[in-house]
Structures are given as structure tokens and as C-alpha cells.
Protein chains: 2
Amino acid sequence: MTASASGVPSAETRFLRPQTAQQAVLAELRALIVRGEIPPGSAIVQDALAERFGVSRVPVREALKILEGEGHITYAPHHGYKVAKLEVAELLEVYDLRDVLESYVARVGVPKIDDRHVAKMQAAMQAMDSAADREDMIGVGVQNRIFHFVVFDASGLTRAVRMIRQLWDTTDPYRSLYFVKPLNRETVNAEHSQIFEACVSRDAEAVVGLLEIHRSHAVQDLRAMAEAAQG
Amino acid sequence: MTASASGVPSAETRFLRPQTAQQAVLAELRALIVRGEIPPGSAIVQDALAERFGVSRVPVREALKILEGEGHITYAPHHGYKVAKLEVAELLEVYDLRDVLESYVARVGVPKIDDRHVAKMQAAMQAMDSAADREDMIGVGVQNRIFHFVVFDASGLTRAVRMIRQLWDTTDPYRSLYFVKPLNRETVNAEHSQIFEACVSRDAEAVVGLLEIHRSHAVQDLRAMAEAAQG
DNA sequence: GTTCTTTATATCGTATCCAATATGGCGGTT
DNA sequence: AACCGCCATATTGGATACGATATAAAGAAC
């Protein structure tokens, strides 16, 4: 079953064609929520979604159940689904939890970093820079995630990494909402460089400390935004 | 907001009536899996399940999606669902992750313990004892879980606690499989008493340490069972 | 024995129908 | 004017029937 002259895309260039409708709906809907295009608190109407995606309600409902499990939407029987809305306290809770999980995973992952991991991190840093030059903030976010998850994935702790990924997804809509300003790019780049160097020298504790600082800046911004929004 | 004379059941005595078929299927199926009555690796046929529970396939499929998110079953498009089967390495990974999360949550939760928490823990210990007398091992497991989650719930860290609960669920089928023998009851009781005392004196670090020892015993048993099964 | 073809089974999805429930407005009462 | 019960409507929850697709197993040809 080799890729013949038919239009079958190669394994590398294949723009992931969802094999089932539920997966397509899931991917698209998750992207919409994470990007903040469906704002937190919005009610989700199954029929409307089904019509929007050109599918019936069944695959939509299954995708919604997954998103509920991921914490992106909330569900109440006979009320339906709403895009999850996090209070500031909850956002901070998520960041604390990230502290715990990412520190653990990084301690396991850093010693396992090999040359390919290093190369991938470098590539992500460069791609992040060029995306920033194009003012492609979405691309920046994507590359930023790739950069950080190289270390996490190296740990091989699939469950923990999956949890971390969900926590990132949870907070992403708020980054899109609040971080309209391109947050201090030089600071981020400098910190990434430091993290990268610590990874190259396989210094797990250094990486853990740098990641903590890195996150604390995000939390600081978050707090400031929240107070500004309240006042 | 006191409970009036209306027929509204109080928060304590409300007998949870599954409001929807999907919830009923979910609860029942999860119980079957966690108890090990559907052994790990088994294929799950939607039609059979629907018929078994007397519902159509729609609620079954939604319940399956939830169980997939919880890690109880695996899913492959057009292939269906199977009861998740964990290798020993994965089980150990789960226990390590529990170490990390439970330590974190306990450190937050123990200082917040109040008299009602203490009472609940005592009640659970007694109920666990009487269940053991009746040789009701399921009841023992239920009370054991209640005992431990008093501390976790006290933390107020809903997301972290939910993750911990899922990890418990994940490993439960294997407890049911392997722990046919009523594992050293005196040891468990003694450790629970120690944990209880540490909670009463609000000594978080002591609780964390005791929980670690507590879990390590389970891991030891698990290893032994795995080696016995292989040999 | 290997490979190709056929067949069977189960999943995936659609369409349509009906029941149960929550929401919002209406009118009546106090 | 504030409160309460009642009713119309929209949405969710679910059932059923049917068709399409993909995987896997059985059988046929070489």
C-alpha cells in the first residue's frame, strides 16, 4: 500500500485529514475555543454547530463530550454546554498545578534530552522569531508550545504530559483575550535562551528554576490584567 | 438558604438519581471496568452495550467518549473501544504521578482540615473496618477512597483532585484483579491511624511522608504480582 | 504457502421522529 | 409594584431506521 501516483499526501506533508467527522469537529471546535474565537461563557447550541460544520448532531455531541473532559466546556444535563469561564483564582490554580507537574516532568525529561531534541528546540526558537517578525501571534504561540514540550515529551511520561497539555489549552483562551499587546518579546527570548542552554548542559534543576521564573511572569501579567479589568 | 420543608432532598441525603441515560450508562460501565468485571483488553461492542442497558447507541457512545477521556478505555477510529490495559511500567508511572500530585494537594489540604473533615475520616475508618468484617472488599475500597479524599478535597484544588481521582480509577481494576487476598489489613489500618493522627495535628509534612510510604506498599505488592504473573 | 478477493461484522454517520426539560413571557394575585 | 403559578417555545436527550465505510477474517487462485 505504498503512496502511488494517486493524490495521497506523504506522511510529512499530509495536512491532517481527520478520519472521522467527530475528530474534524473536535479539532476545529477546540481550535476555535482555544483561540478565544468563541468567548468564554458562550452557550453552545448543538444544532447550530452541526449545521456550521455540515454534519449531524451525533458527531458534534461526541466532540462536545471530549471537550468537556478536557475542561474546555462545562455541561449541565438539559442545559447544554457552555465555553468554560475561569475566574482569576482558578487561573492561578491552574498555574500552580502547572508548576507542580512541569517541574516533575522537566526533572525526568532533561536528562533524556538528545541531539534531536536540541535541534528541535533551536528550530522552534528560530521559527518563533520569524513568526514574531511577521506579527503572526498565533504562530508565536504554536512555536512557543513546541519549544517547551520538547523537554516535556523527552520525559516519556505520557500521562503527565497530556495533563500539562490540557492545562496549557485551558489557559490559552485567556492569553488570546488579555495579551493583545505582544508581551515583552526580549524577555521571553532571553529566558528561552537560558532554558535552552540549561537543557544543553542537561542541568535539570536549572531548567526547573528557569521554568518557574518563566511562568511567574505570565502570572504577574495575569494578575495585572485581572486587577485592571476589575478596577 | 436553609433546607425548607419542601420535598427538596438535603445535600447530604440526596440519593443521586441519574438524570440522563448517558449518566446511568457511564456510572454503570465505569463501575464494571473499575471493578475489573470487564477485564482489561476486552473489546467493547456498542450495540451489545446498548442492548444490555436497554438504551440506544447514542448515550452509549457519549459515555464511551467520557471513559476514553478518563483513560479507562482506548479508542481507534473505525476500530472501536477496548478496555485499557496497562503494562507494569505504566502502572508505576501512574503511581509516580500520584506521588507528585497527592503530595502537592496534601500540603495544601492538611492545614485546611476542620472538625467535620476529622469526623468524616473517623467515620470512614470505622466503616472500612466493619466492611472488612463483612468481607465486603468493594465496600472497603469505597471507604478507603473516602478516607483519603477527605484530605484531598480539603485543599479546594478541584482540578488537581479530579486528576488524582482519575488516576485512582485507572489503577483500581488492577487492585481488583490482583488483590484477591485481603492485603495485610493490620498494616493498612495502622497506617491510616498514623495518617489520621498527623491530620488531626495538622502536620502536613508528616501526612505527605506517610502517604508516600502508604503508596509504596501498594507499589511493592504490584511489582510482586507482576513478577508472579510473568514467571 | 502466499497473495488476492470476497464476505461479514461493527463502526460511523444521517435523517427523522418523539419525549423531557428549562427558559421566558403572560396574566392573575396579593 | 413585587410575587407566584401557568403555558408556549426552544433545546436537549434519546430512539429508530437506514446507508456508507473500514477493518478483519474466511476462502479462492496462483
Side-chain angles (χ1 to χ4, degrees), chain A residues 1-4 6-9 11 14 16-30 33 38 41-69 72-85, chain B residues 1-2 4-9 14-30 33 38 41-69 72-85:
Chain A
M1 206 192 52
T2 60
S4 63
S6 68
V8 177
R14 91 191 129 116
L16 54 115
R17 152 192 87 125
Q19 296 170 341
T20 62
Q22 38 177 300
Q23 290 181 335
V25 172
L26 171 63
E28 186 62 23
L29 191 51
R30 180 160 45 200
I33 293 174
I38 303 180
S42 306
I44 294 177
V45 181
Q46 299 176 3
D47 270 323
L49 267 188
E51 193 179 1
R52 175 172 184 170
F53 292 127
V55 297
S56 70
R57 272 171 50 202
V58 175
V60 169
R61 284 169 64 168
E62 290 184 319
L64 289 174
K65 273 282 174 284
I66 296 178
L67 290 172
E68 182 198 354
H72 289 120
I73 59 180
T74 62
Y75 168 74
H78 296 107
H79 286 239
Y81 299 87
K82 284 183 183 176
V83 179
K85 191 155 130 193
Chain B
M1 208 191 48
T2 61
S4 68
S6 70
V8 177
R14 85 187 135 122
F15 51 108
L16 54 110
R17 135 195 96 127
Q19 297 169 340
T20 62
Q22 39 176 298
Q23 290 181 338
V25 172
L26 171 63
E28 185 61 24
L29 191 51
R30 179 159 47 199
I33 294 174
I38 304 179
S42 307
I44 294 177
V45 181
Q46 300 175 2
D47 273 321
L49 267 188
E51 193 180 0
R52 175 172 183 172
F53 292 128
V55 297
S56 73
R57 271 174 35 219
V58 176
V60 170
R61 283 170 66 169
E62 294 188 23
L64 290 174
K65 273 283 174 281
I66 295 177
L67 290 172
E68 182 198 355
H72 288 121
I73 59 180
T74 61
Y75 169 74
H78 295 110
H79 200 127
Y81 299 87
K82 284 183 183 175
V83 179
K85 192 158 136 193

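As the structure is a computational prediction, the values presented were derived from the model and not from experiment. Just so we're on the same page: letters track the sequence lines, and every chain starts at 1.
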> What's the NZ-C1' distance between B:K65 and C:dC12, to the nearest Å?
10 Å
> Is the distance from OP1 or OP2 of D:dA24 to the nearest side-chain N or O of B:H79 less than 4.0 Å?
yes
> Nearest 0.5 angstrom please: B:L67 CG to B:T74 OG1, how far?
11.5 Å
> Can you give me the N/O atom pairs linking the protein to nucleotides 15-17 of chain C at distances under 3.5 Å, or say none if there are none?
none

> Heavy-atom nearest nucleotide on DNA chain C for A:H78 versus A:G54: which residue maps closer to 5'?
A:G54
> For DNA chain C, whose closest nucleotide is more 5', that of B:A76 or that of A:P77?
B:A76
> In this structure, how many angstroms lie between the C1' atom of C:dT11 and the CD atom of B:E51, rounded?
17 Å
> Classify A:I44 by what it touches in the nucleic acid, base, sugar-phosphate, or nothing, heavy-atom distance under 4.0 Å.
sugar-phosphate
> Roughly how many Å is it from CD in B:Q22 to P in D:dA15, rounded to a whole number?
10 Å
> Within this structure, what is the CG-to-P distance between A:L64 and D:dG13, rounded to whole angstrom?
9 Å
> What nucleotide among D:dT12, C:dC12, D:dA15 has an atom nearest to a side-chain atom of B:Q46?
C:dC12
> What is the distance from CG of B:D47 to P of D:dC18, rounded to the nearest Å?
15 Å
> In whole Å, I'd like the distance from the CG atom of B:L49 to the C1' atom of C:dT11.
14 Å
> Among C:dC12, C:dA10, D:dG13, find the nucleotide with the atom closest to the side chain of A:R61.
D:dG13
> What's the separation between atom CZ in A:R30 and atom CD1 in A:I38, rounded to the nearest 0.5 Å?
13.0 Å
> Compare every heavy atom of A:L49 with every heavy atom of A:I44, then report the nearest pair and how far apart it is.
CG2-CD1, 3.6 Å
> Please report, rounded to the nearest Å, how far the C1' atom of D:dG14 is from the CZ atom of B:F53.
16 Å
> Among C:dC12, D:dT23, C:dT11, which nucleotide sits nearest the side chain of B:V45?
C:dT11
> Please report the distance, rounded to the nearest Å, between CD in A:E62 and P in D:dT12.
16 Å
> What I'd like to find out is whether the side chain of A:S42 reaches to under 4.5 Å of the side chain of A:K82, using heavy atoms alone.
no
> Give me the stems containing DNA chain C, sorted by first residue, counting only three or more consecutive Watson-Crick or G-U pairs with both distances under 3.5 Å; say none if there aren't any.
C:1-30 with D:1-30
> State whether A:Q19 places a side-chain N or O below 4.0 Å from either non-bridging phosphate oxygen (OP1 or OP2) of D:dT21.
no
> What distance separates A:D47 CG from A:R52 CZ, expressed to the nearest 0.5 Å?
14.5 Å
> Taking atom NE2 of A:H72 and atom CG of A:L29, what is their separation to the nearest 0.5 Å?
10.0 Å
> Can you list, pair by pair, the side-chain donor-acceptor contacts under 3.5 Å of residues 53-65 of chain A, counting residues two or more places apart and other chains?
from: A:R57; atom 1: NE; to: A:Q46; atom 2: OE1; distance (Å): 3.4
from: A:R61; atom 1: NE; to: B:E62; atom 2: OE2; distance (Å): 2.5
from: A:R61; atom 1: NH2; to: B:E62; atom 2: OE2; distance (Å): 2.9
from: A:E62; atom 1: OE1; to: A:Q22; atom 2: NE2; distance (Å): 3.1
from: A:E62; atom 1: OE1; to: B:R61; atom 2: NH2; distance (Å): 3.1
from: A:E62; atom 1: OE2; to: B:R61; atom 2: NE; distance (Å): 2.7
from: A:K65; atom 1: NZ; to: A:Y81; atom 2: OH; distance (Å): 2.5
from: A:K65; atom 1: NZ; to: B:Q22; atom 2: OE1; distance (Å): 3.1

> Tell me, do B:H78 and A:T20 make a side-chain contact under 4.5 Å, heavy atoms counted?
yes
> Please check the phosphate of D:dT11 (OP1 and OP2 only) for any side-chain N or O of A:Y75 closer than 4.0 Å.
no
